[in-house]
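Notes follow the structure.
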Amino acid sequence: MIRFILIQNRAGKTRLAKWYMQFDDDEKQKLIEEVHACVTVRDAKHTNFVEFRNFKIVYRRYAGLYFCICVDVNDNNLMYLEAIHNFVEVLNEYFHNVCELDLVFNFYKVYSVVDEMFLAGEIRETSQTKVLKQLLMLNSLE
Amino acid sequence: MPTVAKGDGMRGLAVFISDIRNCKSKEAEQKRINKELANIRSKFKGDKTLDGYNKKKYVCKLLFIFLLGHDIDFGHMEAVNLLSSNKYTEKQIGYLFISVLVNTDSALIRLIIQAIKNDLEARHPVHICLALQCIANIGSKEMAEALTKEIPKLIVSGETIDAVKQSACLCLLRLFRTSPETVPPGEWTQRVGHLLNDQHLGVVTSATSLIHTLAQKTPEDFKPCVQLAISRLSRIVTSSYTDLQDYTYYFVPAPWLSVKLLRLLQVYPPPEDPALRGRLNECLETILNKAQEPPKSKKVQHSNAKNAVLFEAINLIIHHDTEPSLLVRACNQLGQFLQHRETNLRYLALESMCLLASSEFSHEAVKKHMDTVITALKTERDVSVRQRAVDLLYGMCDKSNAEEIVAEMLSYLETADYSIREEMVLKVAILAEKYPVDYTWYVDTILNLIRIAGDYVSDEVWYRVIQIVINRDDVQGYAAKVVFEALQAPACHENMVKVGGYILGEFGNLIAGDQRSSPMVQFQLLHSKYHLCSAPTRGLLLSTYIKFINLFPEIKGQLQDVLRNNNNLQNADAELQQRAIEYLQLSTVASQDVLATVLEEMPPFPERESSILAKLKKKKPNVSDIEVVKEGKKSSNPPTLNNSAANTPEATPASAPVPVMAAAPAPAPVQSASDDLLGLSAGPAAAAPVTNNFAAPAAPAGGGGLLVDVFDTPPAQNNVSTALAPQAEENFFNMPSGETAPSGDASATELDGRFAIKNNGVLFENELLQIGVKAEYKGNLGRLGLFYGNKTSYPFQFFTPTVSCPGELASAMNVQTKPLDVNTVEGGAQVQQIINVECIADFVDAPILSIKFSYSGSMQQINLMLPVMLNKFFEPVEMDATSFFNRWKQLSSPGQEEQKIFKASFPINSDTSRTKLLGFGFGLLDGVDPNPDNFVGAGIIKAQSSQVGCLLRLEPNMQAQMYRLTLRTSSKSVTTRLADLLLKLF
């Protein structure tokens, strides 16, 4: 299962943090820093998977943003790697060419997108069409 | 600016975020935030008519401030208010604030739960979804208790729309993870299974995760899902990418769902129904076939999605481990990936292949790729890929390729990343031990390991080489020769000195015939390193020197000079000082015969699981699974050297009973600080056996167990601490070492003092066995329940406890032992035995329990005293002051009174003393003695032949910390015995 999802920029600023297990605030901060230290040192020739504590980080870099999903070591790495991409494509469609600033100004909407696609640490919906349709419907609500 | 903003864009929020982003410094940001917080606070406080939009906006600003990393201590109530709004955007912000910020133990949780309940019953599905998402995001225990029963009906109801079903499934999954007991199986469980047939693939995707988790807990309940999952999977893999439209991702039909279904199937064994099994195998073959087809797209997304399914299919094939053809195909496929240009695929192929290596069907096929893997080890740029290569080499290693693999790993070790060195060292050590070409090769390998990566060689590794050398006399001479050579290097690692010191101390005589390694040369070589070593190693070398005194009397003088050297005799390190003094004394006082016995060659170690393997498992919990599977498949034997040795032709059967410890007639007790000697930490533990012989008279506790444990934990400390455990009460029976055990194999373990005043507790414990006791006494009868617990995972065979009454005790006590129903105690099991005792006359010694059993081929013997003391047959008596004094006067002839004045061993405390006396069996008579600090008591010893009345007076003196104890009984022997027992309690 997914333990947490993080979106960070190269400077280490968190653009989204979604936790699927209980951590206290100090622990969350520590995890955020460790993940950043862990993924930013890797180059493009490296794998998209890093062992991290007793878990594994599956991550992918898009421009200046790192999308990281922390999963169990025996989880299917490629499935989560593509889940990241699927998520990014949805964001891109939803925000019409997404950029880092969209995630800053619409942080509360990004949470809605996440909840449509991932819930309780599992993949909830994978169809981009269905997710976007639902999001547009929500957008039309008052 | 973002382009999505429709009707709900919050201008004020966007402005605030812009302001923050424009702040030039941390201080400016803090100032802007403080201003905003003040503004929001006044809005929340002052304006009662704050409308929904503004409330939402301010709550959202607070959330933003919190996410920036600032504390927020208000606004929670406003957020909870938003939950009851009927506008989606307001509700959403309310729920979001709560999910991110509200503590699960917040006082608001009840209000929140009520709001969620309302929304779960709302008409608008969007509201239901928000509520479900909130539960899934927080998932606290209170929520589970209050809300779980609402969820299943949403999942199975025909009226629920798909989006709600999806959220409800995962919401239930979260609550199940939080507290499974609140999710009782019911009629709904069956219907959840049928969601695998649902038309909406999103529902199937969510439901599969729920079923997977539930099925792991109770596989039987979800067995019908196997068939449903297989047919769903089959429909997906045989569909063309156009069939599934929305759910096709880069030409791959429903990759995520396929992976989830394949994982669900891994909860179960292969289906028994041949038709079903055929269908599943077809699916798996189709997936393997597709991997060979030309890609439908050059995009990495396409190949990733396809391979995600492929790797999961391979996992299922490995999990089933029944179809040789599929296993070999999987292996070939992974072999291709090993040379793929994508690093991800090479990494994953190495990882999967590691699992394949453990299957007997594909082990050989995996071995074909050894060269590729070795190349990967040498050339991969990413350390995590190299790490996988190491794992795979370890996994594919067997007798046929061990020499090559170990050599490659050793050569890689010289340049390996620091992060993986220690683990590699462990792996090399284990492989060398498991698949020894011969034992000289083994010794060479480990010494090479120390030479190349000495810093990463943990204690377990060098303990183990010593253990093996000691157990195999055919390699001892060789080992002595090579360590001698290795020590000649100008700079050698301290671990080498340790191994060298130990082995030469034991077997230096085997090479002493050669002039180039004469006793003197050996000694000088070792001593040239002495000053460069840490204290524990020096301690070990001192032990080597005393052993040399025994082996080579001709250089005794020089060795004594070293011991006598002020650097040692007055060393600041107490351990070194003590060793120097004791060894010097031993070499002076003891005759050659005594010396030879004390310093006799170490007896062989009992075979047990390699401590290195245990360490590796501890280091990498996930490795252990593989290891267990692998061991389980290859042979059911525990992976010890001996088992693998038994496979090699030249090995001698090693299952003959081995005495656990050579009887060590103890020299005169050297001194009393035995716990210092025994308290050696793991460092010099290998030297401890010699020291233990010294300590034997002072602490025979668990002496038999000591050697067994030398290589695990610091055993001596264990024994000391159990023997003296509760408030360091003194041991009751200080057995003279001469009469320890009839056989001399294992010294009888001392009784714990606390049993004099307690009937239940742990009587004995070592690495293998725990014995608990529960006793009841009435009159002259007693009944003891003994509980033998096997702490290991292997059975004890021929487990025979017997109870005997030595000497005079035989006529003073009747003991009846019920023989055990079984003579094997399974690993982890406990058996019970009842022993009845009858006291005939007063007695001093306790009955002896002696236990014999065979544990992995070697006989173990443990002798213990049963906690049966005279005072167990003691019953309290009540009487008034007059009758007490009358009797007191009657018992005044010589021999009837015993008086002791002694120093308190424990702090004087009236309440504790009271408890001890009552526990001992006295009735306490208050108000008899004019001094309220004194204790007066009375009781009767109920033996069958006679009943002996007993009166006591105990006078504590706080100032002097002394007691005066006066006992009067009609029998001299009873008086003496009770006084002895009491003396040790205070």
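Letters go in sequence order (proteins before strands), and every chain restarts at 1.
The aromatic rings of F64(B) and F107(A) are tilted relative to each other, their planes meeting at an angle between 30° and 60°.
Annotation: the span from D382(B) atom CG to D43(A) atom CG amounts to 8.0 Å, rounded to 0.5 Å. Between the CG atom of L130(B) and the CG atom of L138(A) there is a distance of 7.5 Å, given to the nearest 0.5 Å. Here CG of D115(A) is found 7.0 Å from OG of S99(B). Values are rounded to the nearest 0.5 Å. For the atom pair CZ (R15(A)) and CG (L67(B)), the distance works out to 11.0 Å, reported to the nearest 0.5 Å. For the atom pair OG1 of T178(B) and CE of M21(A), the computed distance is 11.5 Å after rounding to the nearest 0.5 Å. We find the CG-OH distance between N139(A) and Y88(B) to be 8.5 Å, quoted to the nearest 0.5 Å.
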Going through the checks in order, is the salt bridge (Lys or Arg N to Asp or Glu O under 4.0 Å) test met by E380(B) and K45(A)? CA-CA 10 Å; E380(B) 284 288 352; K45(A) 286 258 161 87; over 6 Å; no
Decide salt bridge (Lys or Arg N to Asp or Glu O under 4.0 Å) for D162(B) and K130(A); before the verdict, give the C-alpha distance in whole Å, the side-chain angles of both, and the deciding distance to 0.1 Å. CA-CA 11 Å; D162(B) 295 329; K130(A) 291 224 164 68; over 6 Å; no
In sequence, state the C-alpha distance, the side-chain angles, and the governing distance for R124(A) and S167(B), and then conclude on side chain to side chain donor-acceptor pair (under 3.5 Å). CA-CA 8 Å; R124(A) 174 183 178 275; S167(B) 296; 3.1 Å; yes
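Put simply, the side chain of Y247(B) reaches to within 4.5 Å of the side chain of T126(A), judged on heavy atoms. Between W256(B) and E122(A), the closest side-chain pair of non-hydrogen atoms is not below 4.5 Å. Residues T205(B) and E125(A) are not in side-chain contact: their nearest non-hydrogen atoms beyond the backbone lie 4.5 Å or more apart.
For the residue pair Q92(B) and Y108(A), no side-chain donor N or O sits within less than 3.5 Å of a side-chain acceptor on the partner. Side-chain N/O atoms of Q133(B) and Y111(A) include no donor and acceptor closer than 3.5 Å. K18(A) and N137(B) form a side-chain donor-acceptor contact under 3.5 Å, judged by distance and modelled atom types alone.
Top candidate by heavy-atom pairs under 4.5 Å with chain B, chosen from Q134(A), R42(A), Q29(A), is R42(A). Counting heavy-atom pairs under 4.5 Å between each of T343(B), L63(B), D246(B) and chain A puts D246(B) at the top. For chain A, the option among R346(B), R21(B), E342(B) with the highest count of heavy-atom pairs below 4.5 Å is R21(B). Note on L81(A), T14(A), N86(A), D25(A): by heavy-atom pairs under 4.5 Å with chain B, the leading option is N86(A). Ranked by non-hydrogen atom pairs under 4.5 Å with chain A, the options Y95(B), F97(B), Y249(B) are led by Y249(B). Chain A forms more heavy-atom pairs under 4.5 Å with one residue of L244(B), L96(B), V309(B), L175(B) than with any other, namely L96(B). Of the listed residues S209(B), A305(B), A254(B), G69(B), the one with more heavy-atom pairs under 4.5 angstrom with chain A than any other is S209(B). When each of Q245(B), Q301(B), K87(B), E312(B) is checked for heavy-atom pairs under 4.5 Å with chain A, Q301(B) comes out on top. Of the listed residues Y80(A), W19(A), Y20(A), the one with more heavy-atom pairs under 4.5 angstrom with chain B than any other is Y20(A).
Heavy-atom distances place both the backbone and the side chain of F49(A) under 4.5 Å from chain B. Looking at L119(A), the atoms closer than 4.5 Å to chain B (heavy atoms on both sides) sit in the backbone and in the side chain alike. With a 4.5 Å cut-off on non-hydrogen atoms, H200(B) touches chain A through its side chain but not through its backbone. Residue contact with chain B, scored on non-hydrogen atoms closer than 4.5 Å, involves the side chain of E89(A) exclusively. Both the backbone and the side chain of A83(A) have a heavy atom closer than 4.5 Å to some heavy atom of chain B. Heavy atoms closer than 4.5 Å to chain A are found in the side chain of I93(B), but not in its backbone. The contact between V104(A) and chain B is made by backbone and side chain atoms together, counting heavy-atom distances below 4.5 Å. Contact annotation for K56(A): only side-chain heavy atoms (C-beta onward) come within less than 4.5 Å of a heavy atom of chain B. Only the side chain of N77(A) has a heavy atom closer than 4.5 Å to any heavy atom of chain B.
Nearest heavy atom pair, residue S384(B) against residue E51(A), reads CB-OE1, 4.4 Å. Among all heavy-atom pairs drawn from M79(A) and A308(B), the shortest one is N-CB, 3.7 Å. For R381(B) against H46(A), the heavy-atom pair with the smallest separation is O-NE2, 3.8 Å. Here the shortest heavy-atom pairing between T89(B) and L141(A) reads CG2-O, 3.8 Å. Between T47(A) and N344(B), the closest heavy-atom pair is CA-OD1, 3.1 Å.
Residues satisfying the side chain to side chain contact (heavy atoms under 4.5 Å, CB included) criterion with D72(A), sequence neighbours excluded, are M1(A), R3(A), F55(A), N74(A), D75(A).
D24(A) CG: more than 12 foreign heavy atoms inside a 6.0 Å radius. Within 6.0 Å of the CZ atom in R10(A), the count of heavy atoms belonging to other residues, nucleotides or ligands does not exceed 12.
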